[in-house]
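Here's the structure, in structure tokens; my notes come after.
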Amino acid sequence: MSKELDGKSVLLTGGATLFGAAVARSLNEAGANVAIVDIDAEAGIRVAQEIGGSTRFYLIDITSDYALEKLVGEVSDAFGGINAVVNLACSYADSGAESTREEWTTALNVNVVSMARLGFYARPHLAAAGGGAVVNLTSISANVAQTGRWTYPVSKAAIVQLTRNMALDYAADSIRVNSVSPGWTWSAIMNTLSNGNREKTDSVASPFHLTKRVADPREVAEVIVFLCSDRASIVTGADWAADGGYSAMGPEQAVPAIPLLME
Ligand SMILES: NC(=O)c1ccc[n+]([C@@H]2O[C@H](COP(=O)([O-])OP(=O)(O)OC[C@H]3O[C@@H](n4cnc5c(N)ncnc54)[C@H](O)[C@@H]3O)[C@@H](O)[C@H]2O)c1
């Protein structure tokens with residue numbers, strides 16, 4: 001039976017981390033040849049080896065235009081073209097209201113500018129393949145204020161707009177561009193901060209996700225695979241919530257507030 005990404009090649013940034021590795025695995029299971037791009041060589045090589053098959057690792061700093069231009073040529077040569085790009089790499093450098101110019105510049109450079117520049121270099125390859133897909137990872141942080149966080153949420157909000165701009169201009173080459181906004185997702189940072197305690201992480205996330213838990217990265221990967229595939233042929237310029245209902249919930253959370261008036 002044919003799979004939804006059979007014969008397609010997908011370039012994935014940030015594929016070395018726990019979340020990115022799950023996305024790489026799902027893309028591979030959907031039949032894609034996956035190029036994992038990251039600055040973490042040790043983890044990137046390990047993930048590519050674990051997934052196996054045609055998966056390749058590329059040690060690249062996405063803030064280098066020179067490296068990005070070289071990268072798309074190499075991936076295209078290795079896989080006979082590029083059909084989709086998934087922009088997952090990010091920087092969490094953020095000191096909130098005290099963020100320095102350097103932190104602002106880093107967050108915007110890694111999270112926003114690098115997506116735009118990779119899109120620029122990948123576009124001719126996607127167009128040459130008859131069109132394709134770009135998926136940009138943003139976050140629930142794009143739409144709400146979170147105490148102590150400035151540079152990251154601002155960069156993620158910019159990605160929602162960048163996605164619309166890319167979708168509009170790339171449509172001429174039959175390239176669809178969408179973003180995905182996860183809520184809390186089991187990832188390297190949560191693994192580290194909770195000391196690997198997923199149950200505790202779920203219970204902290206419970207009051208502000210309708211699903212009462214963090215997402216598994218593979219659940220978010222399902223949405224990414226769909227958006228990369230031809231099944232999403234009518235979908236472009238959209239932001240997809242993959243957030244367990246975080247963005248549907250208001251400040252009252254899932255607690256009846258009106259009865260409090262009668263207490
Ligand atoms: N973890 C969550 O709960 C969550 C929630 C919402 C959105 N997201 C989004 O999902 C994505 C992954 O998040 P994560 O928590 O797994 O992040 P992470 O920090 O664990 O992983 C980011 C990856 O990007 C790589 N990277 C960083 N700078 C790079 C550069 N200059 N060049 C190449 N690679 C670089 C890192 O080495 C790392 O492998 C991000 O876009 C993030 O905004 C995560």
Side-chain angles (χ1 to χ4, degrees), residues 11-26 35-48 57-68 70-71 85-94 103 105-118 121 134-144 146 149 151-160 162-163 178-194 198 201-202 204-205 208-209 211 213-221 223-224 239-247:
L11 193 161
L12 163 70
T13 71
T17 194
L18 191 159
F19 194 157
V23 173
R25 203 162 279 121
S26 293
I36 293 175
V37 176
D38 209 291
I39 37 170
D40 184 343
E42 199 186 322
I45 290 166
R46 193 186 64 241
V47 170
F57 173 68
Y58 295 83
L59 177 59
I60 297 284
D61 183 338
I62 57 169
T63 62
S64 161
D65 278 5
Y66 170 77
L68 290 180
K70 197 158 159 276
L71 169 74
V85 174
V86 178
N87 286 302
L88 182 134
C90 81
S91 164
Y92 283 115
D94 196 330
E103 284 169 318
T105 308
T106 300
L108 295 172
N109 196 18
V110 175
N111 296 354
V112 186
V113 181
S114 298
M115 275 189 194
R117 297 306 293 160
L118 177 53
Y121 291 116
V134 176
V135 180
N136 298 328
L137 268 288
T138 172
S139 170
I140 40 120
S141 305
N143 293 304
V144 292
Q146 294 170 313
R149 304 183 90 186
T151 63
Y152 176 79
V154 166
S155 73
K156 291 285 151 180
I159 289 166
V160 178
L162 173 66
T163 300
N178 294 284
S179 58
V180 173
S181 289
W184 279 32
T185 305
W186 183 248
S187 52
I189 192 164
M190 301 208 173
N191 190 20
T192 306
L193 295 177
S194 73
R198 189 141 177 187
T201 310
D202 280 343
V204 173
F208 46 91
H209 293 81
T211 45
R213 61 177 176 84
V214 292
D216 189 89
R218 291 186 68 113
E219 295 177 292
V220 181
V223 180
I224 295 171
D239 183 41
W240 284 61
D243 64 2
Y246 179 109
S247 55

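The residues of the chain are indexed from 1 along the displayed sequence. As the structure lists them, so they are numbered: ligands from 1, and atoms in each ligand from 1.
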Apply the test side-chain contact (heavy atoms from CB on, under 4.5 Å) to residues Thr138 and Met115: give CA-CA distance (whole Å), side-chain angles for both, the deciding distance (0.1 Å), then the verdict. CA-CA 11 Å; Thr138 172; Met115 275 189 194; over 6 Å; no
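- Considering Leu71, Ile36, Thr13 in turn, Leu71 is the only one that fulfils the side-chain contact (heavy atoms from CB on, under 4.5 Å) rule with Tyr58.
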Note every protein N or O atom lying under 3.5 Å from an N or O atom of ligand 1, pairing the names and giving the distance.
residue, atom, partner, partner atom, Å
ligand 1, 1 (N), Ser187, OG, 2.8
ligand 1, 3 (O), Thr185, N, 2.9
ligand 1, 3 (O), Thr185, O, 3.3
ligand 1, 13 (O), Tyr92, OH, 3.4
ligand 1, 15 (O), Tyr92, OH, 2.7
ligand 1, 20 (O), Thr17, OG1, 2.7
ligand 1, 31 (N), Asp61, OD1, 2.9
ligand 1, 32 (N), Ile62, N, 3.0
ligand 1, 34 (N), Ile39, N, 3.4
ligand 1, 37 (O), Asp38, OD1, 2.5
ligand 1, 39 (O), Asp38, OD1, 3.2
ligand 1, 39 (O), Asp38, OD2, 2.7
ligand 1, 41 (O), Leu88, O, 2.9
ligand 1, 41 (O), Lys156, NZ, 2.9
ligand 1, 43 (O), Tyr152, OH, 2.5
ligand 1, 43 (O), Lys156, NZ, 2.7

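- Applying the salt bridge (Lys or Arg N to Asp or Glu O under 4.0 Å) criterion to Arg25, with sequence neighbours excluded, gives Glu50.
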Audit row: Tyr121, Asp65, side-chain contact (heavy atoms from CB on, under 4.5 Å) steps and yes/no: CA-CA 9 Å; Tyr121 291 116; Asp65 278 5; 3.5 Å; yes
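- No hydrogens or angles considered: a donor-acceptor pair under 3.5 Å links the side chains of Asp239 and Ser179.
- Under the 30°/60° scheme for interplanar angles, the aromatic rings of Tyr92 and Tyr152 are found to be tilted.
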